[in-house]
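All values below come from the heavy atoms of this structure, side chains included, with hydrogens, waters and symmetry mates left out.
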Amino acid sequence: MSSKSELIISKIRNGVVIDHIPAGRALLVLRLLGISGREGFRVALVMNVESRKLGTKDIVKIEDKELTKDELNLVALVAPTATVNIIRDYEVISKFKVSIPDVIEGLLKCKNPRCITNQQREPVRNRFRVISREPLKLVCEYCGTIHELSDIEKYFGLA
Ligand code: CTP
Ligand code: ZN
């Protein structure tokens, strides 16, 4: 409840709090949600704070921005322990644990340069199927190349 992170960062009125992110992954979570910081809404990051459950954790707070459950579940790819809290008028009105979807579409790029999804002629939407959750393994549905967490980090420039 009143963890030390509360001293660093205030409560928000409306928005989304993504809590229990493994320490050091907050930036990756923002990249995954497509948030660059240039959109205008307020974003707060807390990194490497104490957590009873995880030892240390990161927290991301996004104010006045609507995110769908499907968008938020993508966070599970890099932060499987994360909890999403939807905040309205300072109250937590709903809370859920993120869960890794079975199929990831239009988010990542296949690392195989010869994959049809990387050819200019015919734009094909990326589609990956999750074949393992721990450790994370995604397979490109077009060429079968396996992608891991480190590939996601590389894709978002955070490896
Ligand atoms: N929070 C916030 N602004 C609010 C309400 C809550 O930023 N107006 C944040 C809290 O700081 C916390 C998270 O949302 O990081 C979840 O809040 P709450 O459910 O009250 O905390 P806990 O009970 O500690 O959550 P959990 O059981 O999920 O650890
Ligand atoms: Zn491919």
Could you go through the side-chain contact (heavy atoms from CB on, under 4.5 Å) check for Leu138 and Ile152 one step at a time? CA-CA 10 Å; Leu138 310 176; Ile152 297 178; 4.1 Å; yes
According to side chain to side chain donor-acceptor pair (under 3.5 Å), does anything in residues 84-93 pair up with another residue at least two apart or in another chain? List the pairs. Asn85-Lys95
Salt bridge between Asp19 and Lys57, side-chain N to carboxylate O under 4.0 Å? yes
According to the salt bridge (Lys or Arg N to Asp or Glu O under 4.0 Å) rule, which pairs have a member within residues 127-137, sequence neighbours left out? Asp102-Arg133, Glu105-Arg127, Arg127-Glu141, Arg129-Glu141, Lys137-Glu148
Would you mind listing every side chain to side chain donor-acceptor pair (under 3.5 Å) that reaches into residues 150-159, with sequence neighbours excluded? Lys111-Asp151
Can you list the steps and then say if Phe156 with Leu27 is a side-chain contact (heavy atoms from CB on, under 4.5 Å)? CA-CA 9 Å; Phe156 287 108; Leu27 286 172; over 6 Å; no
Sequence neighbours excluded, every pair satisfying salt bridge (Lys or Arg N to Asp or Glu O under 4.0 Å) that has a member inside residues 22-39: none
Euclidean distance, His20 NE2 relative to Ser51 OG, rounded to 0.5 Å: 5.0 Å
Among Val98, Thr83, Leu33, the one residue meeting side-chain contact (heavy atoms from CB on, under 4.5 Å) with Ile18: Leu33
Apply side-chain contact (heavy atoms from CB on, under 4.5 Å) to the pair Asp58 and Val29, showing each step before the final yes or no. CA-CA 10 Å; Asp58 289 1; Val29 165; over 6 Å; no
State, with a plain yes or no, whether a side-chain heavy atom of Val130 is found less than 4.5 Å away from one of Pro101. no
Exactly one of Asn126, Asn118, Thr117 should register a side chain to side chain donor-acceptor pair (under 3.5 Å) with Lys109. Which one does? Asn118
Partners passing ring-ring contact (aromatic ring centres under 6.0 Å, His included) against His147 (at least two apart in sequence or in another chain): Phe128
How does the hydrophobic cluster around Leu54 look, that is, which other residues are in it when side-chain heavy atoms under 4.5 Å mark a link? none
CG-NZ distance between Asn73 and Lys69, expressed to the nearest 0.5 angstrom: 6.5 Å
